[in-house]
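All values below were derived from every heavy atom in this structure, side-chain atoms included, with hydrogens, water molecules and symmetry-related copies excluded.
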Amino acid sequence: MLIRPWWRKLTISSDPIVIIGGGAGGLELATKLGKYFRKTKQKVILIDQNRKHVWKPLLHEVASGSLDADIDCVDYLSHGARNGFLFQLGVVDGLNRESKHVLLKQLNDQDGALIFPARQVKYSLLVFALGSVTNDFNTLGAKEYCTFLDTCENAERFHTELLNAFLRLKGDDTRSSLNIAIIGGGATGVELAAEIVKTSELLKNYGYDHLSKKSLDIHIVEAGPRILAALPERIAQSAQQELEALGITVNTNTAVTEVTPNSVITKDGREIASSITVWAAGIKGPDFMQAIGGLESAKNNQLLVNPFLQTPLDTDIFALGDCASCTTLKGIKVPPRAQAAHQMASTVFTNIIAKLALKPLVAYEYIDYGSLVSLSSYTAVGSLMGNINQRSMFIEGKLARLVYIGLYRMHQVTLFGVLKTLLIVLVGRVNRALRPNLKLH
């Protein structure tokens with residue numbers, strides 16, 4: 001339930017509040033604002049280049065086929081109609097701060113036919129919530145020969161490529177294994193590697209009798225001294241032990257200098273065979289965000305924001321999530337995590353209402369609730385309550401897996417409420433009984 005302590009005194013604008021990007025933070029913010037202003041004349045518009053939302057931490061499950069995006073996605077148009085905001089499909093092309101317009105590119109269909117000409121969207125307040133894209137650091141061959149798991153479409157494309165590769169392996173007696181290289185030992189790379197092993201095991205139930213752990217040669221290639229560098233070392237060590245038990249090779253202190261169609265070449269001269277290569281190392285803001293509209297941005301294209309999550313040069317513009325470079329009043333550099341985007345969305349919501357009510361804004365404070373990594377259904381490892389007395393509680397196994405799933409349920413509760421989330425969970429259990437355990441197309 002949304003409380004309206006100042007709604008009778010709000011400065012309602014004839015121009016909409018515009019949110020660019022429907023990721024975890026952007027969609028949560030649009031949902032809250034849409035509900036809040038539903039009975040007023042204030043419009044809220046969400047703009048995204050995709051028609052559907054999938055929680056980004058689950059894209060590795062879409063890529064492996066353990067999650068069906070067609071079932072588990074949120075349709076922006078439908079969700080907006082239910083929650084009081086409007087949705088527009090579009091790709092940002094620029095920003096005119098003087099006239100307060102967001103510039104959108106011409107929109108074409110898959111065959112190149114025109115859907116919408118280039119257009120402008122007027123705003124009263126603007127929020128950038130675009131998330132991040134993969135940073136390949138201009139590595140030779142990366143763009144041409146790597147898959148990047150930063151969108152649902154890319155994850156679905158990888159899933160099709162993976163299924164085709166398993167089919168080729170089944171029909172080619174000269175090949176004994178499928179070589180896969182995952183560049184980057186962060187959460188995405190680690191979780192994807194485990195999910196691929198699980199996919200190969202599930203495919204045995206559907207006629208792929210030739211598959212086994214020996215059929216897969218998966219390499220995680222990490223430039224740093226250990227995987228999961230952003231997490232406590234104990235979690236990283238536990239995760240690496242689990243990965244190696246699954247037959248996955250973990251290469252640390254191994255920088256990649258070039259990617260070819262069939263291999264990954266490392267700085268020390270090694271060549272790691274790879275029929276499928278995934279780049280999961282490093283993130284940055286979308287390239288068009290660099291100094292967009294004359295705003296200040298970091299080298300990785302993140303917009304610089306003050307502790308209130310406003311851009312310093314224009315306080316009518318906010319930024320949150322991975323596309324925002326934020327240092328809190330306590331000097332904490334906010335990491336690019338889903339929990340940070342969720343917290344930022346709540347702060348921006350509060351500050352937008354406060355701004356319209358001419359009330360003081362509140363500073364964003366990052367709260368670290370810990371970190372979790374799920375290794376498919378095998379296990380999960382992580383730490384909880386990392387901000388309490390500077391201590392964290394290490395958890396693993398089924399408990400960690402339940403907490404990991406709980407994070408996604410919290411995101412769903414924010415979007416749909418408790419009752420509908422419970423119904424979604426129930427439908428999910430029914431689907432597991434009626435549908436294949438793996439997406440097979």
Side-chain angles (χ1 to χ4, degrees), residues 22-29 31-32 53-64 66-69 71-74 79 129 131-132 149-150 152 155 186-192 194-195 198 228 230-232 235-236 238-239 242 280 283 320-322 334-347 349 365-388 392-429 432:
L27 184 56
E28 288 183 13
L29 178 61
T31 302
K32 289 182 176 182
H53 161 81
V54 175
W55 199 45
K56 196 169 184 179
L58 293 181
L59 285 181
H60 66 281
E61 294 191 16
V62 176
S64 67
S66 58
L67 185 81
D68 190 337
I71 295 176
D72 294 279
C73 70
V74 178
H79 188 73
S132 59
L149 297 185
D150 45 21
C152 185
T188 299
V190 167
E191 291 177 329
L192 177 64
E195 286 288 350
K198 188 64 178 180
L228 302 175
L231 278 61
I235 296 177
S238 181
E242 295 289 345
I283 62 169
L320 63 86
D322 292 0
V334 181
R337 295 184 184 175
Q339 61 177 308
H342 168 76
Q343 295 168 21
M344 285 178 163
S346 296
T347 299
F349 170 76
E365 181 180 354
Y366 173 63
I367 302 175
D368 186 357
Y369 290 108
S371 304
L372 289 165
V373 175
S374 174
L375 304 181
S376 188
S377 59
Y378 300 110
T379 188
V381 294
S383 63
L384 294 179
M385 299 177 292
N387 64 309
I388 299 179
S392 61
M393 179 178 68
F394 178 81
I395 61 172
E396 60 183 333
K398 291 184 178 180
L399 175 59
R401 178 67 181 171
L402 286 173
V403 175
Y404 183 88
I405 295 172
L407 296 176
Y408 179 45
R409 299 306 180 199
M410 289 173 61
H411 172 63
Q412 291 179 309
V413 167
T414 303
L415 297 180
F416 307 118
V418 175
L419 179 60
K420 188 171 181 180
T421 299
L422 290 174
L423 292 174
I424 290 172
V425 173
L426 178 61
V427 170
R429 291 186 178 276
R432 279 200 292 274

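- Taking each heavy atom of G186 and L228 in turn, the nearest pair found is C-CD2, 3.6 Å.
- Of the inter-residue distances, the one linking S238 atom OG with L231 atom CG reads 11.5 Å to the nearest 0.5 angstrom.
- The backbone N or O of V74 lies less than 3.5 Å from no partner atom in the side chain of H79, so there is not a single donor-acceptor pair.
- Partners of Y366 by side-chain hydrogen bond (donor to acceptor under 3.5 Å, both in side chains), not counting sequence neighbours: none found.
- Judged purely by atom type and a 3.5 angstrom limit, K56 uses its side chain to pair as donor or acceptor with the backbone of S132.
- When the options H60, E195, E61 are evaluated for a side chain to side chain contact (heavy atoms under 4.5 Å, CB included) with S376, the one that passes is E195.
- Minimum heavy-atom separation, A69 to V54: CB-CG2, 4.0 Å.
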Kindly determine whether R337 and D322 satisfy salt bridge (Lys or Arg N to Asp or Glu O under 4.0 Å), including the steps that lead there.
CA-CA 7 Å; R337 295 184 184 175; D322 292 0; over 6 Å; no
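- To the nearest 0.5 angstrom, T188 atom OG1 is 9.0 Å from I283 atom CD1.
- Rounded to the nearest 0.5 angstrom, L149 CG and L192 CG are separated by 6.0 Å.
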Run the numbers on V418 and L422 for side chain to side chain contact (heavy atoms under 4.5 Å, CB included), then give the verdict.
CA-CA 6 Å; V418 175; L422 290 174; 4.1 Å; yes
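- For the residue pair Q339 and I367, the shortest heavy atom distance occurs at OE1-O, 3.4 Å.
- Separation of atoms CG (D72) and CG (L67) is listed at 4.0 Å; rounding is to 0.5 Å.
- To the nearest 0.5 Å, atom OG1 of residue T31 and atom CZ of residue F349 are 11.0 Å apart.
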Kindly indicate, with the supporting measurements, whether the criterion side chain to side chain contact (heavy atoms under 4.5 Å, CB included) is fulfilled by Y408 and V413.
CA-CA 9 Å; Y408 179 45; V413 167; over 6 Å; no
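- Residues S346 and K32 have side chains that bring a donor and an acceptor to within less than 3.5 angstrom of each other.
- Listed by chain and number, the residues in a side-chain hydrogen bond (donor to acceptor under 3.5 Å, both in side chains) with E28 are H342, H411 (sequence neighbours excluded).
- The shortest non-hydrogen separation linking P57 to Y404 is O-OH, 3.6 Å.
- Inspection of the Y369 and Q343 side chains reveals no N or O donor paired with an N or O acceptor under 3.5 Å.
- With sequence neighbours excluded, the residues satisfying salt bridge (Lys or Arg N to Asp or Glu O under 4.0 Å) with D68 are R435, K439.
- The shortest non-hydrogen separation linking F416 to T421 is CB-OG1, 4.1 Å.
- Between A155 and V62, the shortest heavy-atom contact is CB-CG1, 3.8 Å.
- The OG1 atom of T347 sits 10.5 Å away from the CG atom of L29 when rounded to the nearest 0.5 Å.
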